[in-house]
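The block underneath contains the structure these notes are about, expressed in structure tokens.
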Amino acid sequence: MRLFNPVTMTEVIPGFHDTKGAIELPEDNWFFTTSEIKKGKKLAVNEDGEPILIEVSQQD
């Protein structure tokens with residue numbers, strides 16, 4: 001079971017982190033299979049609280 005906190009945008013480890021507000025992600029979710037974010041992308045959260053990558057805008 002993998003947990004993700006959509007507020008802090010981090011992995012949640014039960015017993016180490018507070019699990020309040022965390023959602024369970026499938027084991028094959030990309031968030032746990034990549035070690036870095038691709039250039040031109042940034043981490044965001046979709047309407048379900050799941051991590052997604054979005055394009056970095058020029059205004060950021």
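We number each residue from 1, following the sequence as shown. In this text, all values refer to a predicted model and were calculated from it rather than measured experimentally.
Applying the side-chain hydrogen bond (donor to acceptor under 3.5 Å, both in side chains) test to residues at least two apart or on different chains, none of the pairs has a partner in residues 22-31.
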Q.
side-chain contact (heavy atoms from CB on, under 4.5 Å) for L43 and I37? Distances and angles first, verdict last.
A. CA-CA 8 Å; L43 185 61; I37 296 175; 4.0 Å; yes

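For T19, there are no side chain to side chain donor-acceptor pair (under 3.5 Å) partners at least two apart in sequence or on another chain. Partners of D18 by side-chain contact (heavy atoms from CB on, under 4.5 Å), not counting sequence neighbours, listed by chain and number: K20.
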Scan the side chains in residues 45-54 for donor-acceptor partners under 3.5 Å anywhere in the protein, sequence neighbours excluded, and list what turns up.
| unit_1 | atom_1 | unit_2 | atom_2 | d |
| --- | --- | --- | --- | --- |
| N46 | OD1 | D48 | N | 2.9 |
| N46 | OD1 | G49 | N | 3.1 |
| N46 | OD1 | E50 | N | 3.0 |
| N46 | ND2 | E50 | OE1 | 3.2 |

Could you list the donor-acceptor pairs under 3.5 angstrom formed by side chains in residues 10-17, with sequence neighbours left out?
| unit_1 | atom_1 | unit_2 | atom_2 | d |
| --- | --- | --- | --- | --- |
| T10 | OG1 | T8 | OG1 | 2.8 |
| H17 | ND1 | I13 | N | 2.8 |

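Under the 4.5 Å side-chain criterion, counting only non-hydrogen atoms from C-beta, L25 is in contact with I23.
In this structure, CE on M9 lies 8.0 Å from NZ on K42, to the nearest 0.5 angstrom.
Cluster partners of V7, using a side-chain heavy-atom cutoff of under 4.5 Å among ILVMFWY residues and allowing indirect links: none.
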